[in-house]
Amino acid sequence: MAGLEDLYREIILDHYRSPRNRGELPSPPAHRVEGFNPLCGDEIVVSLQVEGDVLTDIKIGGSGCSISQSSASLMSAAVKGKPVEEVRELIGTFKAMMSIHEATLPRDSDGDEVDPSLDATPVDVDALGELAALQGVVKFPVRIKCATLSWNTLAQGLDEVGAG
Amino acid sequence: MAGLEDLYREIILDHYRSPRNRGELPSPPAHRVEGFNPLCGDEIVVSLQVEGDVLTDIKIGGSGCSISQSSASLMSAAVKGKPVEEVRELIGTFKAMMSIHEATLPRDSDGDEVDPSLDATPVDVDALGELAALQGVVKFPVRIKCATLSWNTLAQGLDEVGAG
Amino acid sequence: MSSPPAATTLDVATVRKEFALLTGERDGHPVTYLDSAASSQRPARVLDAMRSYEETTHANVHRGVYRVAEEATRRFEAARVAAGRFVGAPVPDREVVFTKNATEGINLVAHTWGKRNLGRGDAVVLTEMEHHANVVPWLMLAEERGLELRWIPVDDDGLLVLDDLDRLVDGAKLVGVTAMSNVLGTLNPLAEISAVAHAAGAVVVADGAQSVPHVPTDVTALGCDFLAFSAHKMLGPTGIGVLWGREELLADLPPFLGGGEMILDVRKDGFTPNDIPWRFEAGTPPIVEAIGLHAAVDYLDELGMAAVRAHEIDLTAYALGVLSDRFGDELTIHGPADAVRRGGVISFTHRDIHPHDLSQVLDQYGVCIRAGHHCAKPLMRRLGVTATARASFGPYNDHADVDRLADALAEAARFFA
Amino acid sequence: MSSPPAATTLDVATVRKEFALLTGERDGHPVTYLDSAASSQRPARVLDAMRSYEETTHANVHRGVYRVAEEATRRFEAARVAAGRFVGAPVPDREVVFTKNATEGINLVAHTWGKRNLGRGDAVVLTEMEHHANVVPWLMLAEERGLELRWIPVDDDGLLVLDDLDRLVDGAKLVGVTAMSNVLGTLNPLAEISAVAHAAGAVVVADGAQSVPHVPTDVTALGCDFLAFSAHKMLGPTGIGVLWGREELLADLPPFLGGGEMILDVRKDGFTPNDIPWRFEAGTPPIVEAIGLHAAVDYLDELGMAAVRAHEIDLTAYALGVLSDRFGDELTIHGPADAVRRGGVISFTHRDIHPHDLSQVLDQYGVCIRAGHHCAKPLMRRLGVTATARASFGPYNDHADVDRLADALAEAARFFA
Ligand SMILES: Cc1ncc(COP(=O)(O)O)c(C=O)c1O
Ligand SMILES: Cc1ncc(COP(=O)(O)O)c(C=O)c1O
């Protein structure tokens with residue numbers, strides 16, 4: 001059994017207690033997009049400001065558990081001021097880190113897990129920096145949706161403003 | 001286990017092979033009413049002619065199994081020319097003979113039958129004459145709907161013409 | 001029936017023995033299952049009854065004349081009667097519709113009674129504490145038909161505010177109300193609400209998903225017109241629910257879904273619907289599930305619903321006491337303070353720890369509670385939270401379960417401090 | 001997956017051992033179960049899988065973060081993927097909707113796709129051999145919306161008359177067709193019909209209730225847009241069915257029933273539907289039934305659907321031979337004469353004995369067959385009968401079953417002579 005320490009790393013608890021980039025941007029000109037996790041009721045509001053090819057500003061609203069909130073906070077710190085293309089890449093890398101478990105794993109009918117390594121794509125964890133602290137979440141599949149909520153919401157926001 | 005002979009008495013097979021009062025009456029003046037048994041697809045068409053307080057004529061159409069057809073034939077012979085009030089009584093008596101089993105018997109969840117005698121109303125079987133041959137049907141609960149189809153259809157017809 | 005006379009108190013230790021999951025352990029911790037409001041466990045006798053049916057009696061129902069099929073049909077219909085009697089249905093063989101769950105039962109009312117009787121501008125009254133099952137069907141119908149939705153408010157103690165009920169139901173056609181809140185535990189005064197609703201000419205759709213498993217139920221006393229509930233919350237299997245409806249109302253309704261079983265005749269240009277209750281049961285019904293539900297209500301009758309209720313009042317009072325003694329202001333407990341006014345469901349929020357995290361930590365100690373919006377988002381908004389933690393009881397829970405809950409909460413507080 | 005490679009022939013004696021009802025006897029006669037088209041029996045391994053789930057893993061799904069609930073959710077979703085793979089679904093985790101039975105699946109299409117796309121004067125094409133499940137939903141919609149229904153005729157050999165198909169589907173919006181008739185056994189050329197329908201711009205709703213249990217199925221090869229089937233006809237439990245739909249189509253559809261699980265958010269003035277497939281699954285789904293279905297498709301995969309099919313062709317050919325040899329003109333056998341063109345379903349009528357009586361007499365000899373209209377009244381009218389007798393096979397039936405059927409038929413003929 002994976003221990004609580006695998007899930008609740010220090011960085012995570014820190015971002016949970018002191019979230020970065022908290023709030024909303026005036027919209028317009030910023031774009032506002034909401035995400036829900038129907039499982040647990042977590043809500044994320046991402047305000048994003050894209051100028052040219054760059055995500056110039058981002059703020060996070062809403063409320064939720066330590067994983068969803070810290071993931072959103074870590075994300076905001078990682079993407080703010082970055083070119084949209086780089087942001088999209090980071091979203092991809094982060095979701096890849098989570099994705100082994102995000103889809104339901106195939107199982108046989110006895111409930112035995114089919115070897116997940118078959119589906120795993122190698123992920124460049126180094127590229128994630130602080131975000132790698134969220135790696136432990138994959139051992140708690142039900143929390144993966146918490147961790148990816150803000151990322152999916154950001155991706156949707158970028159799509160909606162037609163960025164990148 | 002009840003034997004086939006309990007179900008298929010000679011009189012029944014006779015009425016099945018040579019049904020009485022077969023056909024339809026011109027309508028109007030006769031009244032025409034249809035009955036279905038959704039379980040097996042049996043169809044009964046009862047044409048009835050009520051004049052004053054008397055069921056002066058009746059004919060039976062449709063098709064079905066030996067039980068539904070013989071029951072209809074026996075019924076037609078028993079009610080033709082009778083006062084409507086007497087017909088209604090006979091319908092009641094016949095249905096009482098069938099009714100112990102027509103409603104689903106209460107059972108406990110192991111499927112054990114709860115004593116049916118508790119609900120049984122005493123029926124004057126002598127008053128039924130030849131119709132008593134259908135008594136064996138109650139041992140085959142699934143066929144009770146076959147036996148009562150024509151009777152229910154007749155009752156509905158009497159209601160529709162406002163007789164009795 | 002064949003049940004022995006009901007006991008007046010519950011022998012929890014004996015009850016518990018029939019529930020395999022609860023007697024096992026996970027990673028060295030006993031399993032403390034406190035999520036029966038979401039779905040109960042089933043006793044061995046329910047599983048045995050289902051298995052025995054499968055091995056000796058299974059065939060499709062309402063179709064065959066051979067004895068196996070006839071026996072299957074009789075047992076299926078006997079389950080209907082038993083389910084009806086369990087809630088005091090006056091005409092159980094005609095008033096009980098088998099659905100797939102409580103949710104489908106309410107949708108069935110919306111699709112049949114609702115479509116026939118509700119049109120533009122008509123008002124439907126709901127409470128702020130309804131489960132989505134008694135909200136979304138009406139929102140969908142409101143969107144389709146232009147209905148007005150009105151809401152009975154919830155006060156700070158988690159009780160319905162009924163002072164204004166007369167005005168709220170005035171001119172309304174339907175009132176949807178849960179007999180017991182799955183979040184607050186609140187037991188609502190159904191009889192009172194039904195009387196006011198009926199005086200205004202409205203029908204009452206009661207959501208019994210939480211109350212039927214835990215509180216003795218008599219539809220006549222409740223006064224409602226429809227009552228929906230689910231077997232899986234009352235020691236029965238998934239895949240089956242019940243919609244009870246008053247005979248006169250059901251008899252007048254058009255069919256719901258179309259297919260086999262619900263018809264008398266089908267032609268290329270039309271069809272003749274079957275009699276109630278089959279008119280509302282299209283296709284092969286949940287047969288073995290009905291057998292399981294029958295065994296579950298027999299078991300609950302044997303335990304005695306009065307005893308089940310008394311046990312839950314005791315457990316709820318104990319839990320309310322332990323939680324406030326040990327955690328004081330750290331925990332906010334939602335819903336009525338008095339255990340007699342509520343069922344065995346306790347929602348709470350921790351000052352510092354999100355319910356999701358709380359549940360995660362508790363799970364490490366084998367304590368299973370639910371965290372989330374509990375399919376009651378309008379109520380979450382009313383409470384000003386996005387989620388709560390919720391512990392809920394079944395007849396197999398005891399004081400030791402409550403103690404383990406409190407111990408694990410203390411560990412969580414330590415971890416997140 | 002973990003299944004051993006599929007066998008090419010069926011070892012019926014071994015298969016049969018897993019079916020308790022079939023190894024028992026009634027009143028001195030072995031049970032000759034020939035009604036699998038109505039509902040199959042289930043093997044011990046399916047019942048065991050369900051029991052084991054109940055005893056170790058049950059909790060409600062998609063709600064809890066504790067491990068029992070998480071495991072329940074994973075097994076439930078794994079069953080979805082397995083059911084989808086069994087019929088070759090390209091995107092099994094998104095394209096498989098769990099319903100309560102095949103009938104609900106077709107109703108779901110009528111209520112969502114139908115309500116969005118079908119309006120006054122639009123044409124729906126059905127076949128004369130459809131089961132009521134693929135007739136009544138369209139009759140109901142036709143009545144509500146004023147649709148035109150057109151019918152693909154059935155010829156005297158029990159085959160669809162497709163010469164005029166182009167004309168029939170011209171301008172039609174939807175074609176509903178069964179992959180296999182539950183009365184005639186006829187296997188219909190789905191791929192051909194789908195191609196013509198698609199060329200005309202119509203979607204194809206295939207009824208797979210009979211075909212999926214008996215014939216290897218690949219939705220891509222069939223070319224249909226929706227496929228509905230039921231677990232209880234394929235060695236799985238009652239209470240669960242599957243609607244497969246093409247992802248692009250499903251993704252665009254509005255919800256069906258309203259309640260928990262199918263929403264992302266609920267407000268007092270509206271709601272946000274969930275993603276597919278959950279959007280169509282309101283309330284607690286049939287969880288343990290999904291586990292049973294998973295075990296059933298694993299078992300069928302292990303037996304090998306090609307072997308199942310080969311076995312049924314053999315059995316059907318044998319039965320057609322025995323019945324015509326022994327009874328000649330006394331029996332009329334409906335449907336195609338060639339066993340390869342049909343599934344393991346044989347409907348017949350006796351010159352002198354009503355099907356209902358036939359079935360009753362056969363039952364005295366332990367032979368279980370169905371008598372009636374088989375929920376296909378339009379077809380009954382086409383055949384000019386009100387009922388037929390029907391024997392149908394499962395992977396557990398063998399030549400001895402057919403011989404017992406023929407012997408009992410001979411007894412019936414003697415009794416009624
Ligand atoms: C061809 C066909 N379609 C649909 C159905 C309906 O299946 P269910 O009753 O499981 O919904 C059946 C079986 O009764 C069938 O044979
Ligand atoms: C109050 C209430 N109503 C309705 C439901 C829905 O029950 P089901 O999901 O079994 O349809 C639930 C349970 O989830 C409930 O708690």
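Just so it is clear, the structure is predicted and the values come from calculations on it, not from any experiment. Naming: A, B, ... by sequence-line order, numbering from 1 per chain.
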Below 4.5 Å from any heavy atom of chain D, which atoms of [X] appear? Answer side chain, backbone, both or neither.
X: C/N107; answer: side chain
X: C/I369; answer: backbone
X: C/P255; answer: both
X: C/S230; answer: neither
X: C/S36; answer: neither
X: C/R381; answer: side chain
X: C/L149; answer: side chain
X: C/V288; answer: both
X: C/D207; answer: neither
X: C/M262; answer: side chain
X: C/A44; answer: both

Is D/E261 salt-bridged to D/R63, cutoff N-O under 4.0 Å?
->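 Salt bridge between D/E261 and D/R63, a charged N being under 4.0 Å from a carboxylate O: yes.
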Residues D/E18, D/R42: salt bridge by 4.0 Å N-O rule =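 Salt bridge: no.
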Sole candidate of D/W138, D/F256, D/F280 that passes ring pair (Phe, Tyr, Trp, His ring centres under 6.0 Å) when paired with D/H111 =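 The ring pair (Phe, Tyr, Trp, His ring centres under 6.0 Å) with D/H111 is passed solely by D/F256 among D/W138, D/F256, D/F280.
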Hey, which of [options] has the most heavy atom pairs under 4.5 Å with chain D?
options: C/K268, C/K100, C/H373; value: C/K268
options: C/T103, C/V266, C/D269, C/D35; value: C/V266
options: C/I263, C/I240, C/T23; value: C/I263
options: C/T57, C/D265, C/T56; value: C/D265

Check: C/H232 ring centroid to D/H58 ring centroid under 6.0 Å |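 No, the ring of C/H232 stays outside the 6.0 Å limit from the ring of D/H58, centre to centre.
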If you measure only the distance, is there a donor-acceptor pair under 3.5 Å linking the side chains of C/T238 and C/E289?
-> no
